[in-house]
Number of protein chains: 2
Amino acid sequence: MAVQTSEKPSARKRLVADRARRTSKADQVYTEIKEAILSGALAPGGAIDKLALCAKLGVSRFPVTAAINRLAFERLVVIEPQHGSFVAKIAANDVREWMMIRRALEAEIAAEAARGLPAETQREIERNLRYQQAAAEAGDVAGFYVLDVEFHKLIVDGMALRHAREILDGLRSHLERVRRIALSPPGRLPSAHAEHKRIFDAILSGNGADAAAAMRAHLDETTATFERIAVQNPENFIG
Amino acid sequence: MAVQTSEKPSARKRLVADRARRTSKADQVYTEIKEAILSGALAPGGAIDKLALCAKLGVSRFPVTAAINRLAFERLVVIEPQHGSFVAKIAANDVREWMMIRRALEAEIAAEAARGLPAETQREIERNLRYQQAAAEAGDVAGFYVLDVEFHKLIVDGMALRHAREILDGLRSHLERVRRIALSPPGRLPSAHAEHKRIFDAILSGNGADAAAAMRAHLDETTATFERIAVQNPENFIG
DNA sequence: GCGCCTGTGCTAGCATGCCAGACGCTAGAG
DNA sequence: CTCTAGCGTCTGGCATGCTAGCACAGGCGC
């Protein structure tokens with residue numbers, strides 16, 4: 001089926017940089033499935049039909065298998081040999097542990113940031129905080145969430161912490177599934193914005209302990225929100 | 001043809017648990033290569049010859065490709081499409097970041113442990129500390145290292161933190177490569193044992209802040225050791 | 001009527017063959 | 001002598017066919 005219309009090999013230019021940019025089919029399938037899991041289109045515990053995916057995406061089983069293996073590695077899917085692949089379920093205990101890890105890491109990073117954050121990053125965070133305020137005042141929950149995620153990423157990226165960034169992204173991808181179940185109440189927005197501002201001010205003041213404490217307080221609030229979601233939607237959780 | 005004397009179908013017991021125990025060829029290859037990388041048999045920057053591995057392990061390219069993909073996912077190897085697969089190099093900056101993440105996580109866990117560690121775990125740690133003392137007095141660097149790793153794992157496992165355990169194992173696998181380059185000087189052993197004991201005592205005392213501080217102090221010392229290794233063996237590092 | 005056994009339809013795991021891209025060497029042109 | 005174009009060879013990416021193991025259901029013996 002899949003009619004491979006191979007284009008002309010025209011340009012013989014050696015673009016080594018393209019190697020990084022190049023996106024394999026396996027990558028595309030990976031992104032596709034991950035998106036579906038995070039958005040909830042594939043429900044926790046649901047089976048993943050490889051052949052249907054092959055047909056839908058017009059690729060062979062190889063890229064699909066590779067993608068699912070990668071997702072299994074980051075614990076978003078569970079592979080049962082000779083049986084099937086399933087979207088991982090969410091345990092309430094896991095949510096607590098993920099948030100504990102986030103708290104430990106981000107508090108440490110906030111303390112580190114207090115010892116010096118690039119000026120460029122500072123400007124970006126200031127802009128982000130202004131947008132947060134606007135979104136909070138408008139009651140734009142979805143918009144605020146995007147800014148919220150960006151705020152946390154800006155600090156990590158500003159400190160050029162590649163590995164911490166990857167770990168936190170992995171945690172967030174799990175937590176994102178929980179958040180999808182129920183958005184925070186609009187009333188939470190102004191306080192979240194205030195907490196973010198407190199973190200940023202502490203970082204600017206150069207007091208690492210204060211910055212860490214502010215980050216801890218903020219993430220403890222977030223954890224409480226997740227707990228509420230779990231309590232109010234027990235059908236989506238195990239344990 | 002080949003009369004497969006299928007054993008007695010007797011045992012009809014469905015051992016679902018076996019599914020988890022089952023080890024695929026890809027798993028075996030993965031373990032094999034990872035071991036080679038961590039032990040230094042495959043040097044940083046070195047090329048990985050897939051076909052040689054296929055021949056050596058008597059499998060086709062499929063399990064090897066899957067294994068290398070997994071290793072690339074945890075950043076132990078780098079795949080350059082249409083070019084080759086190489087053992088990841090070690091950057092001095094990465095070592096600092098890995099240790100920062102360890103410090104943040106393990107300090108948090110120590111604080112958590114101070115709020116209550118299972119009695120069984122306490123006994124195991126006490127035993128471990130006695131062995132540490134013996135190894136330190138005997139100047140058994142290699143033996144002490146095994147106990148050192150076990151000490152840190154015991155605390156995490158005692159708190160039943162699966163995800164933190166995985167993250168820390170991943171970090172340790174990277175750091176293990178650095179440590180292989182140069183073992184700690186024997187003179188470090190008694191102080192390391194003393195630091196471990198201080199951590200454990202703080203945990204038992206129930207003071208979370210003390211436990212976290214003790215863990216931080218210990219890991220800062222360890223970081224200093226890594227820094228020395230990097231300075232004394234610049235040829236093994238980039239950046 | 002009940003339970004074990006076997007057949008059937010699924011799955012993931014694996015082997016293999018082919019393709020396209022990236023290097024490196026060499027030969028030929030300037 | 002130098003530079004470049006081209007070809008050979010190596011690599012990873014992908015498609016596809018086959019194997020083995022699990023689950024479930026229906027048939028056979030009891």
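Note that this is a predicted model, so its numbers are computed, not measured. Sequence lines set the chain letters: A, B, ... in the order given, protein chains first and strands last, and positions in each chain run from 1.
- Note on the helix from C/dG1-D/dC30 to C/dG30-D/dC1: terminal axis deviation equals 10°, with five pairs used at each end and the result rounded to 10°.
- Looking at residues two or more places apart in sequence or on another chain, you find a salt bridge (charged side-chain N to carboxylate O under 4.0 Å, His left out) between A/Lys34 and A/Glu74.
- Summarising the geometry, the separation between NE2 on A/His83 and P on C/dG9 is reported as 18 Å, rounded to the nearest angstrom.
- Note on B/Thr65: nothing from the nucleic acid sits closer than 4.0 angstrom, heavy atoms only.
- Among the nucleotides C/dA20, C/dA12, D/dC14, the one closest to any side-chain atom of A/Ser60 is D/dC14.
- With D/dC14, D/dC18, D/dA23 as the candidates, the nucleotide lying closest to the side chain of A/Ser24 is D/dC14.
- The side chain of A/Arg61 has C/dC14 as its nearest neighbour among C/dC14, C/dT16, C/dA12.
- For the pair A/Arg179 and A/Phe226, the NZ or CZ position fails the cation-pi test of under 6.0 Å to the six-membered ring centre and within 45 degrees of the ring normal.
- Residue B/Ile79 contributes atom CD1, which lies 16 Å from atom P of C/dA22 at whole-angstrom precision.
- Contact annotation: B/Lys25 side-chain N/O to C/dA15 OP1/OP2 distance is under 4.0 Å.
- Nearest-nucleotide mapping onto DNA chain C: of A/Ser85 and A/Phe62, the residue sitting toward the 5' end is A/Ser85.
- Going from atom CG of A/Leu51 over to atom C1' of D/dG17 covers 13 Å, rounded to whole Å.
- The distance from atom CD of A/Gln82 to atom P of D/dA23 is 10 Å, rounded to the nearest whole Å.
- When heavy atoms are screened at a 4.0 angstrom cut-off, A/Ala66 is found touching no nucleic acid atom at all.
- The distance from atom CD1 of B/Ile48 to atom P of D/dT11 is 12 Å, rounded to the nearest whole Å.
- D/dC24 atom C1' lies 16 Å from atom CD of A/Glu80, rounded to whole Å.
- If you take CG of B/Leu71 and C1' of D/dG12, they are 16 Å apart, rounded to a whole angstrom.
- In this structure, B/Asn69 atom CG and D/dG12 atom P are separated by 10 Å, rounded to whole Å.
- Take A/Gln232 and apply the side-chain contact (heavy atoms from CB on, under 4.5 Å) test, not counting sequence neighbours, and it matches A/Arg228.
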Check: residues 52-66 of chain B side-chain donor-acceptor pairs under 3.5 Å, at least two apart:
| unit_1 | atom_1 | unit_2 | atom_2 | d |
| --- | --- | --- | --- | --- |
| B/Ser60 | OG | B/Phe62 | N | 3.3 |
| B/Thr65 | OG1 | B/Lys50 | NZ | 3.1 |
| B/Thr65 | OG1 | B/Arg61 | O | 2.9 |

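- Within 6.0 Å of atom CD in B/Glu35, 12 or fewer heavy atoms from other residues, nucleotides or ligands are found, so the atom counts as exposed in its surroundings.
- Scanning for salt bridge (charged side-chain N to carboxylate O under 4.0 Å, His left out) contacts around B/Glu32 gives an empty result, with sequence neighbours left out.
- Scored by the salt bridge (charged side-chain N to carboxylate O under 4.0 Å, His left out) test, A/Arg70 finds A/Asp27 as partners (sequence neighbours excluded).
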